[in-house]
*Asks:* 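Below are the structure tokens for one structure; questions will follow.
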Amino acid sequence: MKIYLQLLVSFFKTGLFTFGGGLAMLPIIKAEVVDRRKWITEDELLDFFALSQCTPGIIIVNVATFCGYRLKGVLGGIASTLAVITPSVLVITLIAAALGAYMDYPAVKSAFAGIRICTCALLLNLIIELAQKFYHQSNNRRLHGLIFVLALCMLGLFKATAIWVIIMAATVGLLFSFKGRFK
Amino acid sequence: MFGVLFYEFFKIGLFAVGGGLVTIPFLFDLTHRFNWFTPEQLANMIAVAESTPGALGINMATFAGFQAVGVWGGIIATLGLVTPSIFIIILISEFLNKHACDVWLQNILSSARPAVLALIISATLQVAEISLKSALMFGIFVVFAIMMYFYKKSPIFYILLSAATGVILEL
């Protein structure tokens, strides 16, 4: 029973302290489920993220379902999902009810301007950490470097959506494993 | 009414691949077919949803549902949005458990990692574009980035600190 309660608390916190899109929550969810609770490893979390990018639905919900299911099966998945959406429902309902009145307060706007800067810095640190980790772990640096450059080109030059970038990477990885088999 | 709301958001959850921002075109589609909210209200929602706690897509669903039918509308729309995820992810998890040790799956997942890194870089640049609008803001960003690099505190600590910084400096 205790683990359900921990799942609810952890994902409620994740939902409460995530601002913006799904990727922005990666540092927060990592601090909670990998560093603090040690429920899953960082590699597993990144696999969940990669899969969540190319499966339908909101990324944070998909990651929460993955984590909850890994720990406690179907009920764990449902509990994590409900916990991660609860802060949104509460906060947005309050804001929707009071919209116009509070969002125009200068102090509220300033606080959010500060939070957005913090999100950028969190993401930058995450990028540095992941880049170092991937470089050390990679069993095929040339292939993975190529995938990285290809992904950046797809995003920068062709404005590709996340799903196509993940599909490209998965296809290259799959082709490489066949090549390895027949060598 | 609640049934239609649940069904419409269930469809969005089923087809929006790639996260919260992808739900926005689907929500604009709703403005053409229902009188739940106007495109102008939707545009306002995006700014609010981006700067309040919670993932963008969930916030948008709660907001849209609230505009359409009130408090219960927000809850029903959000549950509709996440229901397909629960089914799909549980199916995928089962598949992963069976094949976790297969070489081809290992290759696919390790190849996805550099792509995820590129996605995070791309998303960060987009966040930076709307967040770092002045030299002062860029300066605060550099200070925060350096602090985070050397003092690994919880992100929540830095978010609260940045909110206070924003209020004090009147950003």
Side-chain angles (χ1 to χ4, degrees), chain A residues 15-17 20-23 27-28 31 47 50 55-62 65-66 69 77 81 85 87-89 91-93 96 107 110-125 127 130 134 144 147-148 151-152 155 161-163 165-166 169-170 172-174 177, chain B residues 13-14 17-20 50-59 62-63 66 71 74 78 82 85-86 88-90 93 103-104 107-109 111-124 127-128 131 137 140-141 144-145 148-149 154-156 158-159 162-163 165-167 170-171:
Chain A
L16 188 61
F17 287 104
L23 284 170
I28 295 163
D47 291 344
T55 45
I58 306 305
I59 295 169
I60 193 172
V61 173
N62 294 353
T65 310
F66 266 129
Y69 185 80
T81 300
I85 66 174
S88 289
V89 174
V91 172
I92 296 294
T93 301
S110 298
F112 282 123
I115 287 167
R116 285 197 296 271
I117 297 174
C118 180
T119 304
C120 293
L122 283 170
L123 287 169
L124 178 67
N125 268 277
I127 289 167
L130 288 182
F134 289 164
H144 292 160
I147 291 170
F148 176 68
L152 280 184
L155 290 162
T161 51
I163 178 166
V165 176
I166 299 286
V172 174
L174 191 62
S177 66
Chain B
L14 195 57
V17 177
E50 271 187 333
S51 50
T52 45
L56 183 66
I58 301 166
N59 292 355
T62 306
F63 218 128
F66 185 92
V71 175
T78 308
V82 302
S85 289
I86 296 177
I88 292 168
I89 299 299
I90 286 171
S93 294
V103 174
W104 61 271
N107 274 333
I108 288 179
L109 290 175
S111 300
R113 281 180 199 143
V116 170
L117 185 64
L119 286 173
I120 296 172
I121 291 173
S122 162
T124 304
V127 177
S131 310
M137 285 171 158
I140 298 168
F141 162 72
F144 266 88
M148 283 169 197
Y149 189 79
S154 157
I156 292 163
Y158 286 112
I159 287 175
S162 67
T165 310
V167 173
E170 296 183 349
L171 289 174

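Computation of the quantities below employed the complete heavy-atom set of this structure, encompassing side-chain atoms and omitting hydrogens, waters and symmetry-equivalent molecules. Every chain is numbered from 1 and lettered A, B, ... according to where its sequence line falls, protein lines coming before strand lines. Treat the numbers as computed from the prediction; the structure is a model and nothing was measured.
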*Asks:* So which part of A:Val89 gets closer than 4.5 Å to some heavy atom of chain B, the side chain, the backbone, both or neither?
*Replies:* both
*Asks:* In Å, rounded to the nearest 0.5 Å, how long is the span from CG of A:Leu123 to OG of B:Ser131?
*Replies:* 9.5 Å
*Asks:* Quick one: list whatever passes side-chain hydrogen bond (donor to acceptor under 3.5 Å, both in side chains) with A:Asn125, sequence neighbours left out.
*Replies:* none
*Asks:* To check you understand the geometry: which heavy-atom pair defines the closest contact between B:Ala145 and A:Ala121, and what is its length?
*Replies:* N-CB, 3.7 Å
*Asks:* Hey, does A:Ile85 have a side-chain heavy atom less than 4.5 Å from the side chain of B:Thr62?
*Replies:* no
*Asks:* Tell me, with the steps shown, if A:Ile117 and B:Leu171 meet side chain to side chain contact (heavy atoms under 4.5 Å, CB included).
*Replies:* CA-CA 10 Å; A:Ile117 297 174; B:Leu171 289 174; 3.8 Å; yes
*Asks:* Is it the backbone or the side chain of A:Tyr69 that comes under 4.5 Å from a heavy atom of chain B, or both, or neither?
*Replies:* side chain
*Asks:* Just how far is it from atom CG of B:Asn59 to atom OG of A:Ser88, taken to the nearest 0.5 Å?
*Replies:* 4.0 Å
*Asks:* Check whether A:Thr81 gets within reach of chain B through its side chain, its backbone, both or neither, counting any heavy atom under 4.5 Å.
*Replies:* side chain
*Asks:* So for A:Leu155, is it side chain, backbone, both, or neither that comes closer than 4.5 Å to the heavy atoms of chain B?
*Replies:* side chain
*Asks:* For the candidates B:Val71, B:Val167, B:Ile90, which exhibits the highest count of non-hydrogen atom pairs separated by less than 4.5 Å from chain A?
*Replies:* B:Ile90
*Asks:* Determine the minimum heavy-atom distance between B:Gly166 and A:Ser110, stating which atoms define it.
*Replies:* O-CB, 3.1 Å
*Asks:* Can you check side chain to side chain contact (heavy atoms under 4.5 Å, CB included) on B:Val82 and A:Ile58, steps first, answer last?
*Replies:* CA-CA 7 Å; B:Val82 302; A:Ile58 306 305; 5.5 Å; no
*Asks:* Which heavy-atom pair separates B:Asn107 from A:Gly173 by the least distance, and what is that distance?
*Replies:* CB-O, 3.5 Å
*Asks:* Taking side-chain hydrogen bond (donor to acceptor under 3.5 Å, both in side chains) as the definition, give me every residue that meets it alongside A:Asn62, ordered by chain and number, with sequence neighbours left out.
*Replies:* A:Thr55, B:Ser85
*Asks:* At a 4.5 Å cut-off on heavy atoms, which part of B:Thr124 comes close to chain A: side chain, backbone, both, or neither?
*Replies:* both
*Asks:* Nearest 0.5 Å, please: how far is CZ in B:Phe144 from CG in A:Leu124?
*Replies:* 13.5 Å
*Asks:* If you compare all heavy atoms of B:Pro114 against all heavy atoms of A:Phe148, which two are closest, and at what distance to 0.1 Å?
*Replies:* O-CD1, 3.4 Å
*Asks:* When only pairs under 4.5 Å are counted, which of B:Ile140, B:Ile108, B:Thr165 shares the most heavy-atom pairs with chain A?
*Replies:* B:Ile108
*Asks:* Give a yes or no answer on whether the side chain of B:Ser111 reaches the backbone of A:Ala170 with a donor-acceptor pair at less than 3.5 Å.
*Replies:* no
*Asks:* Return the CD1 to CG distance between B:Ile159 and A:Leu122, rounded to the nearest 0.5 Å.
*Replies:* 6.0 Å
*Asks:* Could you look at B:Phe141 and say if it's the side chain, the backbone, both or neither that has a heavy atom under 4.5 Å from chain A?
*Replies:* both
*Asks:* Please examine the side chains of B:Val116 and A:Phe134, heavy atoms only from C-beta on, and report whether any two atoms are closer than 4.5 Å.
*Replies:* no
*Asks:* Go through the atoms of B:Leu117 and report whether side chain, backbone, both or neither lie under 4.5 Å from a heavy atom of chain A.
*Replies:* both
*Asks:* Pick from B:Ala115, B:Ala128, B:Ser162: which one has the most heavy-atom pairs with chain A under 4.5 Å?
*Replies:* B:Ser162
